[in-house]
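When a residue number appears, it is its place in the shown sequence, counting from 1. This is a predicted model, so every value here is computed, not measured.
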Amino acid sequence: MNLVVTFGLVLVAQLVTLATVMTLERFWPAKPQQRGRARNLGIGMVVLITELLAGSWLAPVTTLAINSAGGGVFALPVHSWWIVFSVAIYLFATDLGEYLFHRAQHAFPFMWAMHSLHHSDPSFGTSTTIRHFWLESWIKSVTIWLAVGVLFKAPPLVLAIYSVLSFYNFLTHANLRLNFGVWSWLLNSSAYHRLHHSAQAEHFDKNFAALLPVF
């Protein structure tokens with residue numbers, strides 16, 4: 001029951017975040033608004049429903065399931081300031097997995113066949129965040145997310161903080177004039193990730209970062 005309530009709360013938080021960033025796009029767009037939001041939202045709802053049925057909706061949920069089954073070689077502490085260290089380690093490990101998975105999506109034809117749905121959006125914006133093929137999260141659950149759960153035993157507080165931080169993905173896909181300039185190697189931004197979605201040949205296979213461009 002607690003898992004269902006948690007899923008509901010996170011889903012509501014995601015929808016609120018999506019609506020907020022979409023509102024910001026209207027007032028501070030990086031390029032003229034284009035159509036396609038309704039289609040992206042429809043695809044996103046299908047993805048959310050199938051992920052709910054799969055029982056593997058988010059990386060933290062997979063970690064929690066693996067840990068509950070006895071997985072987790074390294075226990076992440078949460079007492080005192082150790083919580084900062086634990087969140088950083090979990091974020092770093094999960095983001096590295098996301099980066100490697102993203103590279104594989106562009107390298108292997110069968111994975112690109114799924115990922116191309118995300119890249120085929122002609123109107124890049126925050127709704128593009130949820131424009132994914134429904135099977136992708138299932139594959140992540142038995143690959144990168146499973147690996148993180150096997151490596152780290154993460155307390156619920158660490159998983160909750162990571163879940164909130166993951167909402168930043170809505171900003172990286174947003175049609176906003178958000179650019180960190182010379183500091184772009186520290187944290188992904190909409191300007192940085194927009195190049196990854198560019199249709200220009202010189203930008204192909206660039207900027208694979210999810211949150212941390214250091215990879």
Open item on the list: Taking F85 as the starting point, is it possible to reach V148 by hopping between hydrophobic residues whose side chains are less than 4.5 Å apart?
Closed with: yes
Residues pairing under side-chain hydrogen bond (donor to acceptor under 3.5 Å, both in side chains) where one sits in residues 181-192, two or more places apart or in two chains, turn out to be none
Tightest non-hydrogen contact, residues L117 and R131, listed as O-NE, 2.7 Å
Original post:
Are any of the side-chain heavy atoms of F101 and I139 separated by less than 4.5 Å?
Top reply: yes
Smallest heavy-atom separation, H193 atom then N207 atom, equals ND1-O, 4.1 Å
Going by heavy atoms in the side chains, are Y168 and L187 under 4.5 Å from each other? yes
Scanning both residues in full, the closest heavy-atom pair of A113 with S116 reads O-OG, 3.1 Å
| Got F152 and V158 here, is their nearest side-chain heavy-atom distance under 4.5 Å? | no
Note to self: Using side-chain heavy atoms (C-beta onward) and a distance below 4.5 Å, is F204 in contact with H106?
What the structure shows: no
Aromatic ring pairing H102/F208, orientation class (parallel under 30°, perpendicular over 60°, tilted between)
perpendicular
Apply the test side-chain contact (heavy atoms from CB on, under 4.5 Å) to residues L165 and V87: give CA-CA distance (whole Å), side-chain angles for both, the deciding distance (0.1 Å), then the verdict.
CA-CA 10 Å; L165 294 177; V87 170; 4.0 Å; yes
Quick note, side-chain hydrogen bond (donor to acceptor under 3.5 Å, both in side chains) partners involving residues 65-87, not counting sequence neighbours, are none
- prompt: Any side-chain heavy atom of S137 sitting closer than 4.5 Å to one from H132?
  reply: no
**Prompt:** Does T126 reach the main-chain N or O of F170 with its side chain, forming a donor-acceptor pair under 3.5 Å?
**Reply:** yes
F215 meets the side chain to side chain contact (heavy atoms under 4.5 Å, CB included) criterion, sequence neighbours left out, with F92, D95, L96, Y99, L212
>> Taking the side chain as everything from C-beta on, heavy atoms only, tell me whether F124 gets closer than 4.5 Å to N175.
In response: no
(Q) Strictly distance-based, threshold 3.5 Å: is any side-chain N or O of H203 a donor or acceptor partner for the main-chain N or O of H196? (A) no
Interatomic distance, OG@S120 vs NE2@H115, rounded to 0.5 Å, equals 10.0 Å
Given the rule that I, L, V, M, F, W and Y join up when any side-chain heavy atoms are under 4.5 Å apart, are V78 and L91 in one cluster? yes
Kindly say whether H197 contributes a backbone atom to a donor-acceptor pair with the side chain of H119 at under 3.5 angstrom? no
Q. So, H173 side chain and N169 main chain: donor-acceptor pair closer than 3.5 Å or not?
A. yes
Under 3.5 Å, is there a donor-acceptor pair linking the side chains of Y162 and T63? no
Taken to the nearest 0.5 Å, the spacing of I66 CD1 from L146 CG works out to 4.5 Å
Please evaluate residues F74 and L151 with respect to the criterion side-chain contact (heavy atoms from CB on, under 4.5 Å), reporting the C-alpha separation (whole Å), side-chain torsions for both, the decisive distance (0.1 Å), and the verdict. CA-CA 6 Å; F74 305 103; L151 280 175; 4.3 Å; yes
d(L178 CG, T172 OG1) to nearest 0.5 Å is 9.5 Å
With heavy-atom distances below 4.5 Å as the criterion, would you say the side chains of I161 and I83 are in contact?
yes
> Does R194 reach the main-chain N or O of L176 with its side chain, forming a donor-acceptor pair under 3.5 Å?
Replying inline: yes
Review point. Same cluster or not: are Y90 and V214 linked, directly or through other Ile, Leu, Val, Met, Phe, Trp or Tyr residues, by side-chain heavy atoms under 4.5 angstrom apart?
Key: yes
When hydrophobic residues are tied together by side-chain contacts of less than 4.5 Å, even through go-betweens, does L186 share a cluster with V84?
yes
The reported gap from CZ in F133 to NE2 in H118 (rounded to nearest 0.5 angstrom) is 15.0 Å
Checklist entry - So if you build clusters from Ile, Leu, Val, Met, Phe, Trp, Tyr with side-chain heavy-atom gaps below 4.5 Å, do W138 and M111 land together? => result yes
CD (Q105) and NZ (K140) are apart, to the nearest 0.5 Å, by 6.0 Å
Value for CG (L76) from CG (L157), rounded to nearest 0.5 Å, stands at 11.5 Å
